[in-house]
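Right, one structure below, let's go through it.
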4 protein chains.
Amino acid sequence: MPRRVREQQIIDVGVRVFAKRGYHAASVDEIAELAGISKPMVYLYLDSKEGLFLACLRRESDRLVAAFQGAARAGAPEERLYAGLAAFFGFVSDHRDSWVVLHRQAADLGATIAAEVGEVRRVVMAEVAGLVGDGITDSGSGCRGALLGKEDADFVAHALVGAADSLTDWMARNPGESPDGVALRLMHMVWVGMRHALDGEAWAPGER
Amino acid sequence: MPRRVREQQIIDVGVRVFAKRGYHAASVDEIAELAGISKPMVYLYLDSKEGLFLACLRRESDRLVAAFQGAARAGAPEERLYAGLAAFFGFVSDHRDSWVVLHRQAADLGATIAAEVGEVRRVVMAEVAGLVGDGITDSGSGCRGALLGKEDADFVAHALVGAADSLTDWMARNPGESPDGVALRLMHMVWVGMRHALDGEAWAPGER
Amino acid sequence: MPRRVREQQIIDVGVRVFAKRGYHAASVDEIAELAGISKPMVYLYLDSKEGLFLACLRRESDRLVAAFQGAARAGAPEERLYAGLAAFFGFVSDHRDSWVVLHRQAADLGATIAAEVGEVRRVVMAEVAGLVGDGITDSGSGCRGALLGKEDADFVAHALVGAADSLTDWMARNPGESPDGVALRLMHMVWVGMRHALDGEAWAPGER
Amino acid sequence: MPRRVREQQIIDVGVRVFAKRGYHAASVDEIAELAGISKPMVYLYLDSKEGLFLACLRRESDRLVAAFQGAARAGAPEERLYAGLAAFFGFVSDHRDSWVVLHRQAADLGATIAAEVGEVRRVVMAEVAGLVGDGITDSGSGCRGALLGKEDADFVAHALVGAADSLTDWMARNPGESPDGVALRLMHMVWVGMRHALDGEAWAPGER
DNA sequence: CATGAATGAGTCTTCATTCAT
DNA sequence: AATGAATGAAGACTCATTCAT
């Protein structure tokens with residue numbers, strides 16, 4: 001069996017096991033066994049547990065980015081945000097484990113891995129920030145850009161990513177909902193408000 | 001040194017270490033050392049690594065609930081949501097590790113612990129769902145209740161908890177922001193839209 | 001509470017626990033707790049786990065010897081053997097744990113203890129050897145002494161002690177039997193044969 | 001080195017160490033070291049300390065049973081008993097540790113092990129009971145069967161096994177004696193008497 | 001007389017990793 | 001290309017034992 005194929009098989013299993021158990025609790029033994037090969041092969045191909053995890057991380061990260069970029073890159077900003085969210089929920093629907101590996105590792109990783117995980121998260125966040133920042137900046141007359149400056153976009157991106165991550169669980173518990181439906185609901189929550197907020201409507205505690 | 005005091009000291013350190021490393025990667029040795037005592041004391045007082053973790057979980061969970069309940073329980077629904085969010089961000093500001101222990105464990109926990117962690121998460125979610133569900137249901141003329149039925153409240157609660165969790169990281173990276181400020185920003189994102197959404201304004205893909 | 005009383009209480013519990021678990025698996029913690037006192041008292045009174053075990057050993061050994069010596073020391077030799085056996089089975093009936101502590105420890109004891117246990121076993125064996133050796137030597141015309149010389153008496157003593165020990169289990173599983181009954185049965189097995197053997201009757205393989 | 005061979009080596013050493021120290025006091029470390037391998041191998045091949053002990057137990061138990069069954073299974077009943085005893089003493093002469101592992105563990109074993117040890121002891125006892133029960137029942141005119149009913153055979157078996165066990169120690173201290181010699185002496189003690197006892201001769205305390 | 005608090009040392013067990021074949 | 005055999009290092013847990021009070 002050619003090397004590349006084997007490698008992918010190992011990574012497939014790795015993603016499953018890392019998602020199920022977390023980095024530390026996952027054992028190379030289990031991964032090798034589920035992959036149907038012997039442990040030395042894992043080390044031959046992927047170097048170390050860390051190497052294996054990084055390979056998983058990278059492949060899934062690429063897949064997620066690809067899913068994002070496959071989504072409509074043009075059109076009205078809100079369309080693009082919607083498309084991005086829909087792509088995200090679609091991706092998670094299809095590859096639950098990938099997202100878990102990418103986003104739900106505990107803080108128990110070595111320096112090298114932590115760095116790469118941080119990088120992945122930053123990329124995701126930047127992608128989303130681009131979506132909302134650009135989206136809104138470009139969105140119309142141009143003067144609205146002020147409200148969502150770089151810092152605001154980052155704030156909103158964090159909120160959106162967090163919400164989306166959490167809604168991942170909600171989806172798992174509400175299997176009837178389609179990814180597009182979830183994205184739409186989230187848009188309702190966020191976009192309608194944003195539209196008005198950009199027009200200057202605000203909320204303040206103590207208002208009545 | 002009396003038992004109770006020591007116990008709290010151990011839990012203090014436990015929360016710190018579990019937050020930093022995650023359940024599996026945390027070692028009882030390290031916790032004992034940081035607590036300035038020997039391992040057997042940890043076992044004498046907390047029974048096992050699992051027992052220690054559960055003790056941490058429970059204490060921090062209680063603290064979080066207390067922080068929530070200290071927030072205004074009366075007033076207009078949006079005031080209550082704002083107060084709840086502000087309380088949450090305040091709590092996380094003061095006890096970063098607590099939230100990490102409560103919410104960011106990887107999937108590598110034994111059955112007993114997983115059950116308790118699940119329970120904690122469910123309670124938090126229910127608290128928030130209550131905030132938005134009741135808040136909106138009661139909010140005005142009463143007829144708005146329809147939009148945020150039980151399922152909607154659950155959806156919104158997931159989105160909010162996820163957003164808040166993620167904004168936790170944002171706060172850590174933007175130390176200038178006060179918890180109240182973060183809560184306010186999140187309210188802007190969400191509440192203004194909700195107000196309009198409840199009035200029937202919607203968004204649909206492909207609209208223009 | 002006076003020291004002597006406490007000491008006996010501790011030894012009481014010690015015998016129970018050592019019998020139930022064996023020397024190694026018994027824990028001083030458990031003994032202290034069952035005795036209703038704190039561990040330092042155990043150490044104050046008995047010095048160490050080894051000291052505690054030795055105290056148990058000695059007390060129970062004395063009790064067993066006393067039980068033996070209480071049995072008829074005079075009379076026909078076979079009467080004395082019977083009385084000795086009956087005393088033994090009576091003792092074990094009443095103090096199962098004592099016998100277990102005295103005779104059923106695994107080989108896992110430190111040098112000091114092993115020596116003392118060996119000594120106790122030797123004393124028991126000698127007592128019995130005395131019973132059969134003297135018994136038979138003195139028994140009648142005097143010429144029979146030849147058959148049961150010192151080595152023979154030792155052999156018979158080993159066989160008898162082993163049989164008695166094992167019958168201890170049989171008794172436990174046949175609660176209807178009285179100690180005297182068991183002793184009688186054993187006498188039947190052994191004495192009748194011995195009477196004839198002393199008269200020169202033998203058995204050889206291949207005889208027909 | 002192939003797995004099977006190593007496994008047997010480990011068990012060899014296990015029997016030696018368990019015999020010398022007893023289950024609890026034996027340490028896997030020591031066994032690994034004496035076997036000339038590292039601890040993980042022991043766990044890889046035998047699973048756990050318990051697993052290792054059970055493996056020892058089973059192998060030695062099989063050996064003992066084989067030794068028994070190698071002994072003459074036919075011939076006059078007393079011949080068979082003698083052959084059985086001789087086989088036993090021969091076995092113990094050659095494999096002192098085996099018998100110790102099989103029969104001399106303190107009461108400190110976990111449930112699983114205790115069950116298996118109990119089973120082994122029951123098998124040995126049944127084997128001997130079969131020897132004396134059948135042996136005597138079948139022995140002659142047939143009418144003698146009455147004396148050694150099932151319960152009597154069990155009693156005698158206990159006595160014999162106990163005696164044999166104890167004589168094991170005697171043998172160790174009298175190295176000149178051959179196993180056959182010991183068996184013969186024990187036959188003298190027991191069989192001659194039994195022959196007469198079956199013919200109705202009895203002994204009663206107080207008789208003269 | 002009595003104990004709560006504390007620990008050094010040791011045991012079982014597992015895991016990532018390598019080497020000889 | 002592939003693996004059976006092997007291990008150093010580390011982690012959870014327990015126990016006999018001792019102070020300070």
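Throughout, protein chains are lettered first and strands after them, A, B, ... in sequence-line order, and every chain is numbered starting at 1.
The D/Ser38 side chain lies nearest to F/dT7 when the options are F/dC19, F/dT7, E/dG8. Listed nucleotides: E/dT11, E/dA6, F/dC15. Nearest to the side chain of B/Arg6: E/dA6. Of the candidates F/dA6, E/dG10, F/dA16, the closest approach to any side-chain atom of C/Tyr43 belongs to F/dA16.
The CD1 atom of D/Ile31 sits 8 Å away from the P atom of E/dC12 (whole-angstrom rounding). Atom CG of A/Asp29 is separated from atom P of F/dT7 by 16 Å (rounded to the nearest Å). Rounded to whole Å, atom P of F/dG11 lies 15 Å from atom CG of B/Leu52. Following rounding to the nearest Å, C/Arg21 (CZ) and F/dA16 (C1') show an atom-to-atom distance of 17 Å. Atom CD in C/Glu50 sits about 15 Å away from atom C1' in F/dC15, given to the nearest Å.
DNA chain F is contacted by both B/Tyr23 and D/Met41; D/Met41 maps to the nucleotide lying nearer its 5′ end (nearest heavy atom per residue). Position along DNA chain F of the nearest nucleotide to D/Arg4 versus B/Ser48 favours D/Arg4 as the more 5'-ward residue. Each of B/Gly36 and C/Pro40 lies near DNA chain E, and the nucleotide nearest C/Pro40 is the one positioned closer to the 5' end. With the nearest nucleotide of DNA chain E identified for both C/Leu44 and D/Ser27, C/Leu44 has the one nearer the 5' end.
Residue B/Ile37 is classed as a sugar-phosphate contact, given heavy-atom separations below 4.0 Å to backbone atoms only. Using a 4.0 Å heavy-atom distance criterion, A/Ala26 is classed as a sugar-phosphate-only contact. A/Arg3 comes within 4.0 angstrom of nothing in the nucleic acid, heavy atoms only.
B/Arg121 places a side-chain N or O within donor-acceptor distance of the main-chain N or O of B/His103, the cut-off being under 3.5 Å. No donor-acceptor pair under 3.5 Å is formed between the side chain of D/Lys20 and the backbone N or O of D/Val15.
Of all nucleotides present, only E/dA9 satisfies the Watson-Crick or G-U wobble test against F/dT14, with each distance under 3.5 Å. Across all strands shown, F/dA6 forms a Watson-Crick or G-U wobble pair with E/dT17, both key distances being under 3.5 Å. With a cut-off of 3.5 Å on both pairing distances, F/dA1 has no Watson-Crick or G-U wobble partner at all.
Contact check for B/Tyr45 versus B/Gln9: no side-chain heavy atoms found under the 4.5 Å cut-off.
No salt bridge links B/Arg6 with B/Asp12; every basic N to acidic carboxylate O contact stays at or beyond 4.0 Å.
Checked by distance alone, C/Lys39 brings a side-chain donor or acceptor within 3.5 Å of a matching partner on the base of F/dT17.
Using bins of under 30°, 30° to 60° and over 60° for the plane-to-plane angle, the ring pair D/Phe53/D/Tyr23 lands in the perpendicular bin.
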